[in-house]
Number of protein chains: 2
Amino acid sequence: MAEASGAGVVEVGELRTASGAGSSLHEEILQGLRRYLVEGGLPDGARIPERLLCQTMGVSRTPLREALKVLAAEGLVELLPNRGARVRAFGEKDIRELFEVMGGLEALAGRLACEHITDEEIAAVEKLHYDMYASYMRRDLPAYFALNQKIHQAIVAAARNAVLTATYTNFSSRLQRVRYNANRENHKDRWGEAMREHEQILDALQRRAGLELSDILFRHLQNKRAAALRYLSDHPSETDPMKG
Amino acid sequence: MAEASGAGVVEVGELRTASGAGSSLHEEILQGLRRYLVEGGLPDGARIPERLLCQTMGVSRTPLREALKVLAAEGLVELLPNRGARVRAFGEKDIRELFEVMGGLEALAGRLACEHITDEEIAAVEKLHYDMYASYMRRDLPAYFALNQKIHQAIVAAARNAVLTATYTNFSSRLQRVRYNANRENHKDRWGEAMREHEQILDALQRRAGLELSDILFRHLQNKRAAALRYLSDHPSETDPMKG
DNA sequence: GATGGAAAAAATGAATGCAAAACTGCCGAG
DNA sequence: CTCGGCAGTTTTGCATTCATTTTTTCCATC
């Protein structure tokens, strides 16, 4: 299932030791749970009985509850009063909105990146780009996917804005669940188009054409969104909220 | 949500009853504390001893700690391991980054708003705009300030994107502390310029010129940022982090 | 046999208790 | 007079416990 990228899905048993050990316990739990959710360890809408997680992870309820509150604030879980936590299910509306905001953030990142990026960083993006192109020619979707994310992350990093980076990472996590699903089924038609868009992205970045890059990235994300929504309408069972 | 404008600074004693009573206690505490911080109830960098807040608000430590964790995730407080919570102090770098992201979000909002806004909503923005202009002529800065925020909020709301609205509100809260300070000292020179920019904003909105509005809003925010930073360099004591 | 309600069971929300880490004040050495 | 170390106090982090709400189960009734 999660063989798409490097590491496999984290087991619930190794949640505590899996992600880097934060100094405090609630931090450790938070990172472990977040990773567990992002990698799709639980299906959409699944209930999260805290008692069960407690004995599985070998911790008390207090730090776990603190972590759940934070995850709720991040939008990964939803807390029903007196009824526990559920894995937040993203419907079509949520995904549309998330991609729109991601588009806005990447547009901003592109604009800022062109102002601050160094030649070395551009060279690094070039290398990622050509590696990604090689993956494309090999039809190696997992590798393509991973490099694709690295490129976008590099552009965001080049924007020199920690707040933007943190926000981008947060939204990216929320979409990761969707991407894992949408990635299985490959939209071959979309793939070539995406590759061409990335050619433009690299070109604009090399010329440090901020506004142009900004616009390309925004439309790139809009196309990604369309592809994701197309996938959703074909496979409605996987991520549709069972809202009733 | 943060009322942002109307009422004065909330007293610590009325924290529990101040904001609308959320169903659960930790929610109540969270909203109360958030409002308290946003309205500047505590100075930058102040320590927040949880025991003290507990007896002040008459609650136990558990829900308060949960609320603090969420506020830390939102970026309003910072949690030092084993050393408690402090009011997060925004330095020049943070403010620059926050305004940049706000600019990106507002640019996105403008673009989307032009696609979705109704004539009635445009009329409402027009009214806000002219009221604001009247406040400008009266040199009534607080009223101007409140209407200014309402206009921006209306544009964000017209984008029809709940994720964007939530994100915008979050960042707006973080900047609220700065604005409260920067607002006292009035940058008369900047005021007229801002008013002219708002003329352009209304004009582009009326023509539903998305890209144009997007760009105006972004530059508008960049100018706001410059003004805020100018204020900061004149009054470094108020919001500078005493990092050391 | 199906339905409604009451009691039992389980889960959540909040409070308290306890161990460990940090801060304070004091004292002595240099 | 300043600096470093040590004991006492305070504060934080986590576990446990209590109270309230929800869910389940079982039984009586239709």
Side-chain angles (χ1 to χ4, degrees), chain A residues 12 15-34 37 42-43 45-74 76-88 242-244, chain B residues 12 15-34 37 42-43 45-73 76-89 242-244:
Chain A
V12 95
L15 274 181
R16 287 191 57 183
T17 59
S19 260
S23 48
S24 50
L25 188 51
H26 72 260
E27 189 79 15
E28 202 176 330
I29 296 174
L30 176 61
Q31 296 193 5
L33 256 185
R34 187 189 294 129
L37 292 176
L42 287 175
R47 286 197 54 178
I48 308 176
E50 49 185 57
R51 181 65 62 90
L52 179 66
L53 267 184
C54 282
Q55 53 192 59
T56 308
M57 301 176 66
V59 297
S60 172
R61 285 176 53 213
T62 308
L64 184 99
R65 287 173 55 81
E66 293 174 349
L68 282 177
K69 295 282 188 305
V70 173
L71 289 174
E74 290 180 7
L76 281 172
V77 307
E78 57 185 342
L79 256 43
L80 294 83
N82 287 323
R83 303 240 232 105
R86 304 177 81 95
V87 179
R88 170 119 182 243
M242 319 190 163
K243 286 213 168 109
Chain B
V12 93
L15 273 182
R16 284 192 58 184
T17 58
S19 259
S23 49
S24 51
L25 187 51
H26 73 261
E27 190 79 16
E28 201 176 331
I29 296 175
L30 176 61
Q31 297 195 7
L33 254 186
R34 187 189 294 129
L37 292 176
L42 287 175
R47 288 196 52 178
I48 308 176
E50 49 185 55
R51 186 63 64 90
L52 178 66
L53 266 184
C54 281
Q55 53 193 56
T56 309
M57 301 176 67
V59 297
S60 172
R61 286 175 52 213
T62 308
L64 184 100
R65 286 174 55 81
E66 293 173 349
L68 282 178
K69 295 285 187 304
V70 173
L71 290 174
L76 281 172
V77 307
E78 56 186 344
L79 255 43
L80 295 85
N82 287 322
R83 300 232 240 115
R86 304 176 81 94
V87 178
R88 172 119 181 243
M242 318 190 165
K243 288 226 165 95

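Computation of the quantities below employed the complete heavy-atom set of this structure, encompassing side-chain atoms and omitting hydrogens, waters and symmetry-equivalent molecules.
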With a 4.5 Å heavy-atom cut-off, do B:Leu64 and B:Glu50 have their side chains touching?
yes

A:Leu68 CG to C:dG13 P: how many Å, rounded?
9 Å

Could you tell me the separation between the CG atom of B:Leu53 and the P atom of D:dT12, rounded to a whole number of Å?
10 Å

Does some side-chain heavy atom of A:Arg34 sit less than 4.5 Å from a side-chain heavy atom of A:Glu74?
yes

Separation of atom CD1 in A:Ile48 from atom C1' in C:dT12, rounded to whole Å
14 Å

Applying side chain to side chain contact (heavy atoms under 4.5 Å, CB included) between B:Lys69 and each of A:His26, A:Glu27, A:Lys69, report the one that passes.
A:His26

d(B:Leu25 CG, B:Thr62 OG1) to nearest 0.5 Å is 10.0 Å

Picking from C:dT12, D:dA15, C:dA22, the nucleotide nearest the side-chain atoms of B:Asn82 would be C:dA22

Would you kindly give the CD-to-P distance between A:Glu66 and C:dT12, to the nearest whole Å?
16 Å

Which residue lies more 5' along DNA chain D, comparing A:Arg61 with A:His26 via nearest heavy atoms:
A:His26

Mind checking the CG-CD1 spacing from A:Leu68 to A:Ile29? Nearest 0.5 Å is all I need.
9.0 Å

Taking all non-hydrogen atoms of both residues into account, name the closest pair between B:Arg86 and B:Leu80 and its distance.
CD-CD1, 3.3 Å

Between D:dT12 atom C1' and B:Glu78 atom CD, what is the distance in whole Å?
16 Å

Rounded to whole Å, CG of A:Leu64 lies from C1' of C:dT12 at a distance of 12 Å

To the nearest Å, give me how far apart CG (A:Leu52) and P (C:dA11) are.
9 Å

Can you identify which nucleotide, out of D:dC14, C:dT12, D:dA15, has its nearest atom closest to the A:Ser24 side chain?
D:dC14

Between B:Arg65 and A:Glu66, the two heavy atoms sitting closest are NE-OE2, 3.4 Å

Roughly how many Å is it from CD1 in B:Ile29 to P in C:dA14, rounded to a whole number?
7 Å

Classify every nucleotide of nucleotides 6-11 of chain D by which part a protein heavy atom approaches to under 4.0 Å, writing B for the base, S for the sugar-phosphate alone and - for neither, in 5'-to-3' order.
------

